[in-house]
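Here is how names work: the chains are called A, B, and so on, in the same order as the sequence lines, proteins then strands, and each is numbered from 1. These figures come from a predicted structure and were not determined experimentally.
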Amino acid sequence: MSMNAQQPADRGADLAEDLEPTAHLIAEKADTTASQQEKAHRPISRGRLVWRRLKGKPNFYIGGAIVLAIVAFALFGDLFNIYTQGQQDSFNFNSPPSAQHYFGTDAIGVDLYASMTSALRTSLLIGFLAAPTATLVAAIMGSLAGYLGGPFEMFTNWLINLLLVLPVFYVLMIVSPAIADPSNLPGAIQWLGFMPAWGLLVIAIGLFSWMIMAQIVKNQTKSLKEREYVKAARYMGVSTPTILRRHIIPNVASLLIIDGALGVAGAILAETSLSFFGLGIQAPDVSLGTLLQDGTGAAVSRPWLFVIPASFLIALLTGVALVGDALRDAIDPTSEVNRA
Amino acid sequence: MTQYILRRFVNYLVLTVIATVFSYIAASLFFYPRRRYLGINPPIPEESVDGILSAYGVNDKDPVLLRTWWWIERIIFEPLSQKLGQDLQGNWVINEIVGRAGTSLRLLLLGALLAALLGVTLGVWGAVRQYKASDQIVSYASFILISTPTFVGGVILMILATNFNQLLGFQMIRFTGSYTPGITGFFPQLWDGFVHLLLPTIALMLFGAAGYSRYQRSLMLDVLGSDFIRTARAKGATRNHALVKHGVRVALIPMSTYLAYSFGTLVAGSAFLEIIFSWEGMGKYGIVAVQTSDVNALAGNVCFTAILLLFSSTLSEVLYAALDPRVRV
Amino acid sequence: MPEPLLQVKDLTVTFPNAKGGVRAVRGVDYSVGEGEFLGIVGESGSGKSVSSLAVMGLLPSSAKITGDITFRGESLLGMSDRALSKLRGREMAMIFQDPLSALTPVYTVGQQIVEALTLHDKNVPQRSAEKRAVELLKIVGIPAAERRVKAFPHEFSGGMRQRAMIAIAIANDPALIVADEPTTALDVTIQAQILEVLQKAKEVTGAAVVLITHDLGVVAGNVDRVAVMYAGKLVEKGPVEEVFHSPRMPYTMGLLRSVPNMLTAGKERLVPLEGRPPNLANLPVGCPFADRCPAAQDRCRTTEPELLADLRDGREVACHRSDEIAAGTLKPSDIFPRPPHEERAVKDSTGLQPVVKAQDLIRHFPLYKGAVFRRVVGRVKAVDGVDFEVLPGETLGLVGESGSGKSTTALEIMELVSPQRGSLEVTGKDVGTLSRAERLAMRQDVQIVFQDPMAAVDPRMPVGDIIAEPLTVHGVPRAERDRRVVEMLELVGLDPEMTDRYPHEFSGGQRQRIGIARSLITNPKVLVLDEPVSALDVSVQAGVVNLLEDLRDRMGLSYLFVAHDLAIVREIADKIAVMYLGRIVEYGPVQEVYETPRHPYTRALMSAVPVPDPTIERARRRILLTGDLPSPTEDIPGCNFASRCPLFRMLDETRQAQCLGDDPAATVHGKSKVACHHVDEIHRLDDADISALSPIPGD
């Protein structure tokens, strides 16, 4: 459109003539160009720039350390424990944390430490699989809706708006009987029955939590579509799939990375909530949600049964949120994409 | 202006209908109420089970779309109290909703209101004091609070309250159920209601406020560097005056949309709290409906929630239009 | 000499970063007397805005400021925000560049003016403050002020918003007004209006004005004294005539010689000022301009010259060789010699097949309303029936203000599909009849260069891939593509070794060259250039314009050159089409149209363009247009320029009726086509007095 084509001649470029929030960014940019001149032939890719900024964020280290420690515990924690998940120690019912049972035992002598490693593996697995699934769906739906416009965009808009009146958790609740017992799968998708419960949870969470992100990707795509290099590609005769692959997706990738990271927390939270209310992972399998459910009744009398899984859950989610936040700051969609 | 709001309302109304019908169909597909009557000794003859299920309109032998049609027909033609059919306990769903709505709304509305107020205040305050210690503390606290599911937060508050009561030597904070049966008199009842409301409201408020404060903070940070703040200061307003009169006012605009989007999360969070605190509210009704494969009860629940969200979304549109002259047509 | 109103001494501003900081301002001294009009000129990143924000105390708290700023003898640095706030708005006011973002969107214009009053006088009654707001709006020439005072900023056009900003600035009769690029975001005709309003504001309040701008033309016509800023320092200062006529700092000379001048364009070539300003985070020792200065000596690279008043003639220069320059032994023409100008022969165009031919081309956009149930509520008539042709080897300049439809016209050609109405022929073929394969093949012949060098290239692709992209469509093998990329880089004057670099490592001018290289790689016959230089700094513009001229003549290219800058169009184009509201109002050979403009809009447009020469600029008479561009959704039965036409207001009733009732068709006058009923009356504009502040009839 030519309506506001005319730009002020030295728009935005005035070094350090922006204000507060961007001042440090500009200083940083100037910094980058400075070092570029020093080592002439080493182009600094965007990835490296993001990485460099990420390294300056304390949240990234704190969050990263928490997540890594919990993942390591889930994977290797069993090496330091003689009990396996579900194994009962009939001499130690309701034992508080001790040298023998690091995290104590429950009313039937099940070792909480062993349950925790197993539960964390399940929850982490779901989190780290469901979030990318949702992000993928969001990327496809959002970029297509944004680039194609028309009826497909209308359809996507309706789906996204449905979310406004139907909380995602209700949708997950409705499909939860199939997760608890795959025989409840309706006829058409009965073949998914081979999946373990966590697999079905991954699918359910992945399929129903992409909407907000798709909305953001869609808007971003629409603005990218108006970018001159995308128009230029179109005028060169580059085909739509190639434009999406070459110009659109790489340019929304940073948003998707952030969403993927933050989505992990959302997915774990969704799994935990479902399982907590007996709608997700079922005994004898354990997840953070089932452990919390078991621990709630004993929260006052035998606090370790509740406090330990609760602390792990909160720590894990906080860690993921901190990493996601640091990523967002480093990639900085508002200052980089919109103000560029 | 009124026309605009009205149009949005109709738009949401259509969405509400779609959402409710959609969840009825989905629930019919995924729920298997017949299981309740299987494996019982002595076995109930299949015809009797069919009879019971058909009476509720949830017989899986009838095609899903046909059942959906019957359900819609009932909504259109039956008297008000019977519109949403019966739950598997034999109660009219509408009656259940009417009986439980007050309990749920009390917690939800109060919690949401306090969460919004606290969240906005903290967000603005944090942004103005960006990078100072107090901002950092609020930031980390809200990260932890966002990461604490309401059902975990509720239980933690219960543990704390128990210890507090032990310290006092008497049950000052009561947190089981939404009221203590048997209390008479207006003021005792009011106080009792307040005491019971305390913990779940705090839990909901903290959870909601954590999210709102992060969002409000980032909105405020965007606004801090904007040209109109600079103009206001160039006119002679002090930094703080400019931030409050011009900054906050503009930063509140996107918040009104965010409130609508996040209200669903609060509804779910408050449902969890109802169960933790053993309140007989809509949340509990919903989760029990899923646990017992009660299609009608669940559809009623979704319908209630959707109407609630319909009003909250419309309210946020009104708020948006009130805050931003650019959308007033 | 009386004490100056504002005195800035050795001002430095540093934005801290990991490596010590960006020194945006490095020791600036200047003073402004009561009622004086000072201009500060500089390119992007020169620190001109930062230094003025420092004066107002509006820099972010992270900025480290040293030196001294005194206002009426009172030191401003170190004053508390509260104390400064008492001065700001009352004694010193500021006008900002972008009037849309500078006004708070949620308060009415009136409320914002009233606030400026009540902040400094708590006792002023609301009613009288409101009355004063209406008065102020009247002073700055806003029609129907009583009604408009209740409007929100988004209901104002850009020009009206800037008027409102000025109203706010003069509300308390300040002694100093700082105007930071006040017209940069506006069209030339609006710019001319705003500059007049600024002059009037100065008269009304008697305030001193500091005008910060990158536009030498704006400075030339308005200020008394001018200061030139480069890399955070003032490099030359003096009375505006002297600085413009006998610059003493090579940077000033380069700048003046690189600026296109509407009066001389097309007769002599622009002088490019090579290189780019130094990085303020990493300044070289010595004179920061030394790298770009053809007259640099060894001492320039070792010691930085101070701004000195050597000759005691009221001028200050920061150059080691200023004595030679002042003595006349080192002349501007020695330092920046003009490249030889080749007169473009007026070719015999008869019988030539046009490469682009548009007939009655229209492009309307439906206007939607409603998010869910979308419905069409109107049409934006972006392009509303234009005819033009581009001949081989020829450049057609398409000029107009924003909203005139010139860019839409250009993009419409790039689509290569049947227009909504009318016809479009490219290289002799009607694009409506093309098959898919033919259309794809034709895309090689028609390429585009965009305005914004930041947005025109994908930031994530290496330069080699960017330039080769058009070839990927046509199945050219990799080795051939690489060979062509190297060729193209050399052609546009970039280092062929740079193929694996990313766009962010290049300056704006270099990126624009990358865009040009990409457009040329398919050996096109015609290039559509959509504002190719308007986002670049003046010193860089000249290089790109010269490159485009050379390429055209060397490769026999045809250009459709879309621009709002009339001087540049005169420089490069053979023919010109002036667009207004989706129509071409005047179309003809450049020389003829510039020398004898026949349409009142063309006249007004040309008189609004400032010329970077204070003597000429002050002697020129302006034809100022009233009001703003009407909405392109409006249905106007008659001439769509009538509402703003200066000629219309001088006509008798029958002639006016003709304008209002009858849409003028283009008629031939000389070698031009003009869409005006009253071409024979155009001389009446020569002796009329038209001001932006006179009320619009009927409003």
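Note: Val175(A) leads Leu166(A), Val175(A), Leu269(A) in heavy-atom pairs under 4.5 Å with chain B. Between chain B and the options Ser273(A), Ala310(A), Gly295(A), heavy-atom pairs under 4.5 Å are most frequent for Ser273(A). Contact count versus chain A (heavy atoms, under 4.5 Å) is highest, among Leu308(B), Thr265(B), Ile159(B), for Ile159(B). The most heavy-atom pairs under 4.5 Å with chain B, out of Ile212(A), Asp325(A), Asp181(A), come from Asp325(A). Interface remark: of the candidates Val64(B), Ile156(B), Ile287(B), Ile287(B) forms the most heavy-atom pairs closer than 4.5 Å to chain A.
Between the OG atom in Ser23(B) and the CE atom in Met173(A) there is a gap of 10.0 Å [rounded to 0.5 Å]. A distance of 10.5 Å separates CG in Leu29(B) from CG in Leu185(A), rounded to the nearest 0.5 Å. Rounded to the nearest 0.5 Å, atoms CD1 (Ile314(A)) and OG (Ser147(B)) are 8.0 Å apart.
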* **Worked check of side chain to side chain contact (heavy atoms under 4.5 Å, CB included) between Arg35(B) and Ser183(A)** => CA-CA 11 Å; Arg35(B) 179 160 302 120; Ser183(A) 71; 3.7 Å; yes
* Could you give me the CA-CA distance, side-chain angles and deciding distance for Trp158(A) and Val14(B), then say whether side chain to side chain contact (heavy atoms under 4.5 Å, CB included) is met? => CA-CA 10 Å; Trp158(A) 275 95; Val14(B) 175; 4.0 Å; yes
* Could you give me the CA-CA distance, side-chain angles and deciding distance for Met158(B) and Val300(A), then say whether side chain to side chain contact (heavy atoms under 4.5 Å, CB included) is met? => CA-CA 8 Å; Met158(B) 276 162 82; Val300(A) 177; 5.8 Å; no
* For Asn59(A) and Tyr140(B), what are the C-alpha separation, side-chain angles and deciding distance, and is it a side chain to side chain donor-acceptor pair (under 3.5 Å)? -> CA-CA 9 Å; Asn59(A) 280 1; Tyr140(B) 281 111; 2.4 Å; yes
* To do: Give the C-alpha distance, both sets of side-chain angles, the deciding distance and a yes or no for side chain to side chain contact (heavy atoms under 4.5 Å, CB included) between Phe151(B) and Thr296(A).
  => CA-CA 9 Å; Phe151(B) 56 87; Thr296(A) 302; over 6 Å; no
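Neither the backbone nor the side chain of Ala265(A) has a heavy atom closer than 4.5 Å to any heavy atom of chain B. Looking at Leu316(A), neither its backbone nor its side chain comes within 4.5 Å of chain B, counting heavy atoms on both sides. If you measure heavy-atom distances from Thr16(B) to chain A, the contacts under 4.5 Å come from both the backbone and the side chain. Proximity to chain B (any heavy atom under 4.5 Å) is shown, for Gln293(A), by neither the backbone nor the side chain. For Ile189(A), the part sitting under 4.5 Å from any heavy atom of chain B is the side chain, from C-beta outward, and nothing else. For Ile275(B), the part lying near chain A is the side chain, with the backbone staying farther off; criterion is any non-hydrogen pair under 4.5 Å. In this structure, chain A has no heavy atom under 4.5 Å from any part of Leu145(B). Ser313(B) touches chain A through its side chain: at least one heavy atom from C-beta onward sits under 4.5 Å away, while N, CA, C and O do not. Only the side chain of Leu298(B) comes within less than 4.5 Å of a heavy atom in chain A; its backbone stays farther off.
Phe30(B) is not listed as a side-chain neighbour of Asn184(A), based on a closest heavy-atom distance of 4.5 Å or more. Two residues are said to be in side-chain contact when any heavy atoms from C-beta on lie closer than 4.5 Å; Ile174(A) and Val290(B) fail this criterion. No side-chain heavy atom of Leu162(A) sits under 4.5 Å from any side-chain heavy atom of Phe22(B). By the 4.5 Å heavy-atom criterion applied to side chains, Tyr12(B) and Asn161(A) are not counted as neighbours. Proximity of Val267(B) to Tyr170(A): side-chain heavy atoms (C-beta onward) are separated by under 4.5 Å at one or more points. By the 4.5 Å heavy-atom criterion applied to side chains, Phe277(A) and Phe272(B) are counted as neighbours. Looking at Thr305(B) and Pro167(A), their side chains come closer than 4.5 Å, going by heavy atoms from C-beta outward. Between Gln291(B) and Pro177(A), every side-chain heavy-atom pair lies at or beyond the 4.5 Å cut-off.
Closest heavy-atom contact between Val152(B) and Leu292(A): CG2-CD1, 3.8 Å.
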